[in-house]
Amino acid sequence: MAELPPRPEQAIDPSDPMARSAQTFPRLSDEMAARVQRYGTEQQVPAGTELFERGQRGVDFLFVLEGRVEVFHRQRDGSRDVVTTHGRHQFSGELDMFNNRQVLMSGWAPVPTRVLRVPRADFRRLVSSEPDIGEIIMRAFILRRVGLIRHFNDGLVLIGPAHSADTLRLQRFLVRNGYPHRLLDTELDPEANGFLECFELSADQLPVVVLADDTLLRNPSSRELADGLGLTETLDPTKVYDVAVIGGGPAGLASAVYAASEGLATIVVESTAPGGQAGTSSKIENYLGFPTGISGQALAGRAQVQAQKFGAQLMVSRAAAAIDCSATPYRVLLDDEQVVTARALVVATGARYRKLSVEDYDRFEGAGVHYAATAMEGQLCGGEEVVVVGGGNSAGQAAVFLSRIADHVHMMVRSGGLAATMSDYLVQRIEQSPKITLYTHSEICKLEGPDRLRQVSWTHRGTGEVTTRLIGNVFVMIGAEPNTDWLQGCVELDDKGFVVTGKTVPGTAPSAYLTSLPGIFAVGDVRSGSVKRVASGVGEGSVVIQAVHQYLAPPAGA
């Protein structure tokens with residue numbers, strides 16, 4: 001096996017979770033330890049015992065009573081790279097304790113050790129029944145995952161040109177799903193090319209993903225990558241869920257949190273990653289409770305963990321392809337031919353940004369044309385000029401974020417200004433920034449480049465004047481098209497394809513989110529007439545569960 005280039009050294013950062021040991025690797029008090037012991041079984045293990053191994057599913061929560069447990073990342077030469085050592089009254093695990101995905105680390109007892117084993121079901125009961133302990137565990141798990149992403153990322157290596165559409169697609173999937181990885185850019189890193197020569201890989205086979213067991217995935221689809229990483233879970237074909245939430249954006253995640261926390265058997269089906277369009281926002285500053293703002297990815301990540309904490313199951317990299325609405329319970333066919341069966345459905349598939357009507361546009365998607373402006377895309381724009389197209393809040397957030405990275409941001413709208421479509425705080429920042437130029441009554445007319453985007457031209461619709469600049473990245477955030485193809489023929493859609501709600505259905509309690517079929521509800525951006533805001537989506541997603549309850553268990557005499 002070829003050696004990977006060493007990880008670049010990183011300076012000690014006080015915000016680094018690995019430097020915040022009291023929170024990342026807490027030690028419970030004697031009183032808390034006594035309460036934890038009610039949920040598990042004591043086990044004495046001899047020195048050298050392997051307790052769990054990377055790639056396993058359903059690993060127990062381990063609480064150390066005596067001795068110690070070392071958590072490690074096994075390097076490619078077989079040696080152990082120790083991440084941390086848990087001593088008395090400390091515990092193992094991270095965010096994968098809340099789902100059935102493959103764990104990312106291994107653990108062993110280097111000395112004779114006494115542990116408390118807590119199976120998954122009892123672990124959920126512990127977190128729910130002991131809220132003070134649950135809060136400590138939850139915070140630790142989140143910080144541990146952040147630390148793994150930051151430091152222990154050699155388990156998966158993505159190799160390819162950073163500007164390639166497929167490299168970006170795979171990197172975006174990994175980032176948005178919070179999976180530790182490392183990117184070797186073949187355009188900049190000569191050692192990456194040497195690594196490829198060792199495997200006799202040609203440029204047309206890039207990007208390549210190297211898994212922890214040295215398995216090579218050559219330009220995999222997102223589904224193939226998810227399967228290779230153990231992110232996907234196999235459905236029980238006999239199980240009937242109380243509610244299936246189709247879509248994992250803010251509205252869908254809110255529905256999952258409230259449904260699962262109220263005891264409903266809940267599953268969420270998400271085609272890409274939790275967060276939807278909101279998950280691609282660099283910072284949301286007008287969301288209640290976050291005065292300094294929060295990134296869409298961070299908000300989605302917290303909501304995902306919250307839903308899983310209450311027992312919701314999350315299917316990632318699977319999309320709804322069709323629905324059998326001829327009888328209840330409803331059957332949703334996924335794009336991998338698995339079937340989700342549920343007594344009630346919450347449609348939260350959201351909307352996607354529209355595309356520009358420009359020649360060769362499809363050729364540059366992912367290779368210079370983007371629909372998200374996060375830190376990942378920002379890495380491609382350092383010291384360069386960029387274009388942001390759109391006049392809504394997402395476009396405004398992107399322009400402000402990119403102005404701190406790019407040499408200059410050219411922002412263009414077809415209308416006469418931003419005031420009618422964008423929050424005032426963003427309008428003021430754009431007007432005051434010397435690094436953002438707003439072009440009104442303007443639109444892109446030409447995209448050029450031999451392999452990826454290199455040059456952009458736009459025209460003023462009034463004067464016909466054309467401006468051409470050497471620009472390699474365009475961020476398109478214009479309008480929205482609903483993700484409702486899979487619903488055709490089942491529920492009523494408006495003339496733009498959004499789901500019509502507030503319908504009167506005989507024998508079903510009225511609801512603002514009820515579709516034309518009983519037991520099928522729609523929330524968030526996919527709903528006709530909805531307000532396209534994160535907060536409104538979260539509100540709709542939480543409120544709709546009351547209507548779901550009424551449908552599943554109607555009041556006596558109803």
Side-chain angles (χ1 to χ4, degrees), residues 169 172-178 222 226 231 244-259 266-284 286-287 290 294-308 312 314-320 332 334-335 345-355 370-374 376-377 390 392-395 397-398 475-487 497-499 513 521-528 530-544:
R169 171 181 58 82
R172 188 174 292 116
F173 180 87
L174 293 167
V175 169
R176 292 192 60 192
N177 281 285
S222 298
L231 293 181
V245 181
I246 313 300
L253 290 173
S255 293
V257 167
Y258 277 82
T266 305
I267 186 170
V268 182
V269 178
E270 168 53 43
S271 61
T272 305
Q277 275 191 17
T280 67
S281 296
S282 55
K283 180 177 280 192
I284 304 168
N286 56 357
Y287 189 75
F290 293 92
I294 183 172
S295 73
Q297 185 178 338
L299 183 66
R302 295 182 184 189
Q304 172 189 353
V305 173
Q306 199 172 10
Q308 291 179 324
L314 180 63
M315 289 286 292
V316 173
S317 78
R318 298 297 188 267
V332 178
L334 305 186
D335 57 4
L345 298 180
V346 175
V347 179
T349 42
R352 56 190 179 272
Y353 289 118
R354 289 203 300 266
K355 300 181 180 183
H370 313 285
Y371 301 99
T374 66
M376 193 193 85
E377 289 82 14
N393 275 13
S394 295
Q397 290 163 353
F475 297 83
V476 179
M477 297 169 179
I478 54 168
E481 296 177 342
N483 293 309
T484 54
D485 294 345
W486 63 284
L487 284 169
F498 291 90
V499 181
Y513 311 109
F521 305 85
V523 294
D525 289 359
V526 76
R527 188 174 69 83
S528 179
S530 66
V531 178
K532 306 300 187 281
R533 291 287 187 269
V534 174
S536 62
V538 170
E540 292 182 11
S542 59
V543 171
V544 74

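Listed here is the closest heavy atom pair of S317 and S222: CB-O, 4.3 Å. Taking both residues in full, the closest heavy atoms of I478 and G390 are given as CG2-CA, 3.9 Å, listed atom of the first, atom of the second, then distance. In terms of heavy atoms, R527 sits closest to A522 at CD-O, 3.2 Å. Residue A303 comes nearest to V257 through the heavy atom pair O-CG2, 3.9 Å, listed as atom of the first residue, atom of the second, then distance. When all heavy atoms of Y371 and V476 are compared, the pair lying nearest together is CD2-O, 3.4 Å. When all heavy atoms of V526 and V347 are compared, the closest pair comes out as CG1-O, 3.6 Å.
The distance from the CZ atom of R318 to the CG atom of L334 is 8.0 Å, given to the nearest 0.5 Å. Atom CD of Q297 sits about 12.0 Å away from atom CZ of R302, to the nearest 0.5 Å. For the atom pair L253 CG and Q308 CD, the distance stands at 9.5 Å (nearest 0.5 Å). In this structure, the separation between CG on N286 and CG on N393 is 6.0 Å, given to the nearest 0.5 Å. Distance check: W486 CH2 to T349 OG1 gives 6.0 Å after rounding to the nearest 0.5 Å. Taking CD1 from I246 and CE from M315, the interatomic distance works out to 10.5 Å, rounded to the nearest 0.5 Å.
Residues V245 and V269 form no side-chain contact, since every pair of their non-hydrogen atoms from C-beta on lies 4.5 Å or further apart. Under the 4.5 Å side-chain criterion, counting only non-hydrogen atoms from C-beta, V523 is in contact with S255. Two residues are said to be in side-chain contact when any heavy atoms from C-beta on lie closer than 4.5 Å; S394 and M477 meet this criterion. Side-chain contact between F173 and V316 is present, with heavy atoms from C-beta onward closer than 4.5 Å. Counting only heavy atoms from C-beta outward, the side chains of N483 and R352 approach each other to under 4.5 Å. Proximity of T374 to V175: side-chain heavy atoms (C-beta onward) are nowhere separated by under 4.5 Å.
Here R172 pairs with E377 under the salt bridge (Lys or Arg N to Asp or Glu O under 4.0 Å) rule; sequence neighbours left out. Residues passing the salt bridge (Lys or Arg N to Asp or Glu O under 4.0 Å) test with E270, sequence neighbours excluded: none. Qualifying ring pair (Phe, Tyr, Trp, His ring centres under 6.0 Å) partners for F475, counting only residues two or more places apart in sequence or in other chains: H370. For D485, the salt bridge (Lys or Arg N to Asp or Glu O under 4.0 Å) criterion is met by no residue, not counting sequence neighbours. Under the rule for a side chain to side chain donor-acceptor pair (under 3.5 Å), the partners of S530 that lie at least two apart in sequence or sit in another chain are K532. Residues passing the salt bridge (Lys or Arg N to Asp or Glu O under 4.0 Å) test with R169, sequence neighbours excluded: D166.
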Inset, instruction - Test side-chain contact (heavy atoms from CB on, under 4.5 Å) on T280 and R176 and set out the steps. - result: CA-CA 8 Å; T280 67; R176 292 192 60 192; 3.8 Å; yes
Inset, instruction - Could you check L299 against Y287 for side-chain contact (heavy atoms from CB on, under 4.5 Å), going step by step and ending with a plain yes or no? - result: CA-CA 10 Å; L299 183 66; Y287 189 75; 4.2 Å; yes
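Using modelled atom types, one side-chain atom of E540 and one backbone atom of G524 make a donor-acceptor pair closer than 3.5 Å. The backbone N or O of A298 sits less than 3.5 Å from a side-chain atom of S295, completing a donor-acceptor pair. Not one N or O on the side chain of N177 forms a donor-acceptor pair closer than 3.5 Å with the backbone of A226.
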